[in-house]
Amino acid sequence: MSETVNVAEIFGKNVFNEAVMKERLPKSVFKKLKKTIEDGAELDPTIAEVVAQAMKEWAIEHGATHYSHWFQPLTGVTAEKHDSFISVPDSEGRVLMEFSGKELIKGESDASSFPSGGLRATFEARGYTAWDCTSPAFLREDAIGVTLCIPTAFCSYTGEALDQKTPLLRSMQVINDQSLRILRLFGNTRAKRVCPSVGPEQEYFLVDRAKYLQRKDLIYAGRTLFGAMPPKGQELEDHYFGAIRERIGSYMKEVNEVLWTLGVTAKTQHNEAAPAQHELAPIYDQANLAVDHNQMVMETLKKVAGRHGLTCLLHEKPFAGVNGSGKHNNWSLVSDDGVNLLSPGDTPHENIQFLLVLACILKAVDVHADLLRESAADVGNDHRLGANEAPPAIISVFLGEQLEDVIDQLCSTGEATHSKRGGTLRTGVATLPDLDIDATDRNRTSPLAFTNNKFEFRMVGSSDSVASPNVVLNTIVAEAFKEAADELEQAEDFDTAVHDLIKRLLQEHKRIIFNGNGYSQAWVEEAKKRGLPNLSCMVEAIPALTTDKAVKLFEGFGVFTRSELLSRAEVEYEAYSKVINIEAQTMINMAGKQIIPAVIRYTTQLANSLSSVKNACPEADTSVQQELLVETSALLSDMKVALAALTDLADVCAGMSDGKERAHAYREKVVPAMEALRKPADALEMIVDKDMWPFPSYGDLMFEV
């Protein structure tokens with residue numbers, strides 16, 4: 001049996017959290033820092049030196065030798081540069097360990113080496129990292145040693161945001177300001193702050209590392225570019241919530257322990273729907289902490305896997321034919337006096353504040369459906385969305401029977417007089433208790449589903465940062481809140497005005513509500529009739545970032561400038577082209593250097609065997625061998641033609657200079673050419689002797705973990 005872990009003892013032990021700060025900082029410094037963290041007050045630079053010294057001493061006591069500004073550039077992963085605490089030796093050659101307030105607050109990195117979408121040229125290198133004191137510093141222990149990681153924002157020399165964190169923090173300020181206006185309208189003067197609360201669920205696959213290293217597609221692309229389905233997939237539904245195998249359990253145990261020391265509230269773990277697929281979910285936290293923690297989760301999942309002879313695949317679709325991986329983003333708004341603005345209560349038809357908030361959110365999602373869809377746009381997600389395992393690419397909102405009934409009452413009669421209630425589930429077994437059931441079911445096909453007191457945005461891809469969708473959610477809802485507050489603050493009769501506003505918003509934006517089967521073709525046709533956008537792939541979604549509507553929204557609230565939006569669109573077009581090009585080149589390499597030579601060896605052996613049989617026994621029936629040889633040779637010929645076509649198209653696209661045009665060319669020409677190459681290759685895998693096939697099969701990867 002493994003050693004028992006006391007979670008209470010290890011939780012947060014590697015975090016410079018409030019308890020540590022309270023113990024180590026002078027009372028006046030602690031109060032100033034806490035005010036900045038909790039109230040959003042401006043950081044007093046005079047306290048930085050004191051905080052830096054306390055942070056350094058704490059880190060060194062825990063074995064740290066280096067510190068790093070930990071930030072989130074537009075690469076989708078985190079970045080860091082390590083500096084040791086040592087300073088210039090004194091006259092006697094003794095080294096001192098130093099860390100200044102300036103080093104805590106500000107760092108510098110080569111901004112031109114990260115994606116900037118033209119904001120930084122190669123010769124314009126300077127970029128700055130700025131301490132985000134609202135997210136606590138933490139210690140990371142690994143083969144390098146112990147490193148003090150300081151969460152930071154990353155911006156250019158000219159002030160533009162080059163990261164995920166800066167716009168997120170801006171959007172949190174915006175939603176706070178406008179949410180407080182809504183609360184004040186209803187007489188709440190206690191709340192000083194409203195914060196978006198986020199809980200991102202993380203899905204992932206685990207495969208044996210030795211097998212992973214035999215597949216160039218997994219190494220270079222993170223997904224299988226070739227592969228025939230094994231006899232069994234997920235059709236028996238026996239992996240979902242099934243017993244966790246010993247090897248996986250050992251891995252999960254270490255992942256939890258590492259995350260708990262980092263203050264990440266890893267809560268739920270289970271097997272997911274597909275073979276070799278799993279999920280980890282934390283308890284909700286304020287948005288910027290949730291984003292930081294999710295990055296820690298992804299890093300930890302990958303790093304710990306190697307210590308168990310495994311590799312963690314975070315790609316949205318590592319295997320064709322089985323479920324892909326997503327990251328459900330659970331979003332709500334909570335005030336510092338404990339009010340959840342998305343809590344309907346027992347009688348939502350009487351909860352006017354909730355109905356106003358709900359109506360505003362429906363308006364925000366309807367008006368900015370394209371932006372919300374774009375926030376989940378990712379190359380890997382193109383393989384997942386709408387694939388009968390994930391939400392469709394059409395944005396809609398699921399509210400459930402209870403709220404839909406209230407809305408119908410308001411829209412039809414102008415008054416809501418009742419709310420549907422939950423009932424009692426009686427199992428019919430005397431020894432089992434009767435259970436209270438909710439007033440409405442859940443809908444797993446909805447992109448944005450209301451689930452009791454939060455919205456679950458189910459479109460986000462498993463490898464993606466949750467920063468972008470939360471920036472969009474925060475900002476579009478803030479806009480709707482602002483417009484509502486602007487109107488209601490001027491009303492002479494508030495009760496009548498708020499009632500009329502709720503009814504009007506619900507009537508105008510009811511088209512975004514859909515409680516049915518999002519997987520059905522009928523919904524696609526219905527959504528088209530309603531005028532809802534259907535942006536089926538990443539390159540179709542990117543333009544939503546730079547519409548006049550988007551620029552007005554983000555510039556109006558100071559979340560993004562026009563140049564920042566244009567740069568992000570350029571970064572995304574470029575990322576799409578680069579990923580597809582890597583995948584295409586990997587397929588070309590695997591097909592030309594591995595699959596085709598293996599098939600030639602097989603056909604040569606088959607031909608020699610056929611010749612030997614005929615020579616030894618002319619009357620023997622060799623029709624099966626002959627048919628196999630003909631079929632294999634035909635598929636090999638098809639594969640060679642498809643390989644040549646893909647090679648030519650990839651070369652043409654790589655030479656294009658316009659980023660948007662190049663991305664569309666990769667989508668419209670290279671992606672179909674990749675599919676054309678894969679088809680004969682996968683058919684050949686089902687014929688060629690397994691011992692001759694050059695890399696592990698789907699069955700080897702998904703079932704032999």
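When reading the values below, keep in mind they use all heavy atoms of this one structure, side chains included, and skip hydrogens, waters and symmetry mates.
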Discussion item. Test side chain to side chain contact (heavy atoms under 4.5 Å, CB included) on F455 and I361; report intermediate values, then the result.
Written reply: CA-CA 10 Å; F455 276 98; I361 291 174; 3.8 Å; yes

Side chain [X], main chain [Y], donor-acceptor under 3.5 Å:
{"X": "E564", "Y": "A161", "result": "yes"}
{"X": "Y220", "Y": "R215", "result": "no"}
{"X": "R223", "Y": "G380", "result": "no"}
{"X": "S462", "Y": "L314", "result": "yes"}
{"X": "T166", "Y": "D163", "result": "no"}
{"X": "Q164", "Y": "A467", "result": "no"}

Measuring from [X]:[atom1] to [Y]:[atom2], what's the distance to the nearest 0.5 Å?
{"X": "D142", "Y": "E299", "atom1": "CG", "atom2": "CD", "result": "10.0 Å"}
{"X": "I219", "Y": "T586", "atom1": "CD1", "atom2": "OG1", "result": "9.5 Å"}
{"X": "L225", "Y": "L677", "atom1": "CG", "atom2": "CG", "result": "9.5 Å"}
{"X": "D292", "Y": "W70", "atom1": "CG", "atom2": "CH2", "result": "4.5 Å"}
{"X": "L532", "Y": "W523", "atom1": "CG", "atom2": "CH2", "result": "5.0 Å"}
{"X": "L565", "Y": "E570", "atom1": "CG", "atom2": "CD", "result": "13.5 Å"}

Is the shortest side-chain N to carboxylate O distance from [X] to [Y] below 4.0 Å?
{"X": "K660", "Y": "D658", "value": "no"}
{"X": "D370", "Y": "K549", "value": "yes"}
{"X": "R662", "Y": "E574", "value": "no"}

Flag if over 12 foreign heavy atoms under 6.0 Å of [atom1], [X]:
{"X": "K669", "atom1": "NZ", "answer": "no"}
{"X": "D651", "atom1": "CG", "answer": "yes"}
{"X": "K578", "atom1": "NZ", "answer": "no"}
{"X": "K528", "atom1": "NZ", "answer": "no"}
{"X": "M692", "atom1": "CE", "answer": "yes"}

Please report the closest heavy-atom contact between [X] and [Y], naming both atoms and the distance.
{"X": "P543", "Y": "E540", "answer": "CD-O, 3.4 Å"}
{"X": "A228", "Y": "E685", "answer": "N-OE1, 2.9 Å"}
{"X": "M229", "Y": "A320", "answer": "SD-O, 3.3 Å"}
{"X": "G324", "Y": "E203", "answer": "O-OE1, 3.8 Å"}
{"X": "V477", "Y": "I175", "answer": "CG1-CD1, 3.9 Å"}
{"X": "A591", "Y": "F226", "answer": "CB-CZ, 4.3 Å"}

Practice prompt. Using distance alone, with no hydrogens and no angle criterion, decide if T129 and H69 have a side-chain donor and acceptor under 3.5 Å apart.
Written response: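 Distance-only check passes for T129 and H69.
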
Worksheet item: Do you see a donor-acceptor pair shorter than 3.5 Å between the side chains of Q234 and N323?
Response: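 Looking only at side-chain atoms, N323 and Q234 do form a donor-acceptor pair, the distance falling under 3.5 Å.
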
Can you check whether [X] reaches [Y] side chain to side chain, under 4.5 Å on heavy atoms?
{"X": "P200", "Y": "V198", "result": "yes"}
{"X": "F457", "Y": "N470", "result": "no"}
{"X": "V670", "Y": "N581", "result": "no"}
{"X": "M674", "Y": "R678", "result": "no"}
{"X": "V174", "Y": "V559", "result": "yes"}
{"X": "E456", "Y": "L448", "result": "no"}
{"X": "S465", "Y": "Q295", "result": "yes"}
{"X": "M639", "Y": "K679", "result": "no"}

Worksheet item: Would T300 and K302 satisfy side chain to side chain contact (heavy atoms under 4.5 Å, CB included), going step by step from the backbone distance to the final call?
Response: CA-CA 5 Å; T300 302; K302 290 188 287 187; over 6 Å; no

Worksheet entry | Ring-ring centroid check F114 F71, cutoff 6.0 Å |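 Yes, the ring centres sit under 6.0 Å apart.
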
Discussion item. Is there a salt bridge (Lys or Arg N to Asp or Glu O under 4.0 Å) between E526 and R530? Walk through the geometry before answering.
Written reply: CA-CA 6 Å; E526 171 63 23; R530 296 187 187 187; 3.0 Å; yes

Worksheet item: F514 and F398: ring pair (Phe, Tyr, Trp, His ring centres under 6.0 Å), yes or no, with the steps?
Response: CA-CA 5 Å; F514 179 65; F398 167 81; 9.3 Å; no

Item to complete: Describe, in one word, how the ring planes of F319 and Y698 are oriented to each other, choosing from parallel (under 30°), tilted (30 to 60°) and perpendicular (over 60°).
Response: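 Because their plane-to-plane angle is over 60°, the rings of F319 and Y698 count as perpendicular.
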
Practice prompt. Give me the ring orientation class for Y128 and Y157: parallel if the planes are under 30° apart, tilted from 30 to 60°, perpendicular past 60°.
Written response: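 Rings of Y128 and Y157: tilted, 30 to 60°.
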
Worksheet item: Passes ring pair (Phe, Tyr, Trp, His ring centres under 6.0 Å), Y666 versus Y573? Steps please.
Response: CA-CA 10 Å; Y666 272 108; Y573 281 127; over 10 Å; no

Item to complete: Start with the C-alpha gap between E160 and T158, add the side-chain angles, then the distance that decides, and say whether side chain to side chain donor-acceptor pair (under 3.5 Å) holds.
Response: CA-CA 6 Å; E160 296 95 348; T158 46; 2.4 Å; yes

Discussion item. For E479, run the side chain to side chain donor-acceptor pair (under 3.5 Å) check against H368, K552, K363 and tell me which one passes.
Written reply: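 The option that passes is H368.
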
Discussion item. Against S325, only a single residue in Q202, Q277, E272 fulfils side chain to side chain donor-acceptor pair (under 3.5 Å); can you say which?
Written reply: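 Answer to the side chain to side chain donor-acceptor pair (under 3.5 Å) test with S325 among Q202, Q277, E272: Q277.
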
Worksheet item: Hey, which of V466, V472, V460 is the one that makes side chain to side chain contact (heavy atoms under 4.5 Å, CB included) with S375?
Response: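 Among V466, V472, V460, the one that satisfies the side chain to side chain contact (heavy atoms under 4.5 Å, CB included) with S375 is V472.
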
Worksheet item: After noting the C-alpha distance and the side-chain angles of T147 and R140, does the key distance pass the side chain to side chain donor-acceptor pair (under 3.5 Å) rule?
Response: CA-CA 5 Å; T147 305; R140 191 172 57 207; 5.4 Å; no

Discussion item. Before you tell me yes or no, could you show the steps for R667 and D382 under salt bridge (Lys or Arg N to Asp or Glu O under 4.0 Å), namely the whole-Å CA-CA distance, both residues' side-chain angles and the distance that decides it to 0.1 Å?
Written reply: CA-CA 10 Å; R667 170 68 183 177; D382 281 1; 3.8 Å; yes

Item to complete: Measure from NZ or CZ of K165 to the centre of the six-membered ring of F154 and say whether it is under 6.0 Å with the direction within 45° of the ring axis.
Response: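 No.
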
Practice prompt. Go through the steps to decide whether K327 and M459 satisfy the test side chain to side chain contact (heavy atoms under 4.5 Å, CB included), and finish with yes or no.
Written response: CA-CA 7 Å; K327 181 147 46 190; M459 295 182 79; over 6 Å; no

Practice prompt. Would you check, one step at a time, whether the test side chain to side chain contact (heavy atoms under 4.5 Å, CB included) holds for K690 with S697?
Written response: CA-CA 9 Å; K690 179 173 175 57; S697 68; 3.7 Å; yes

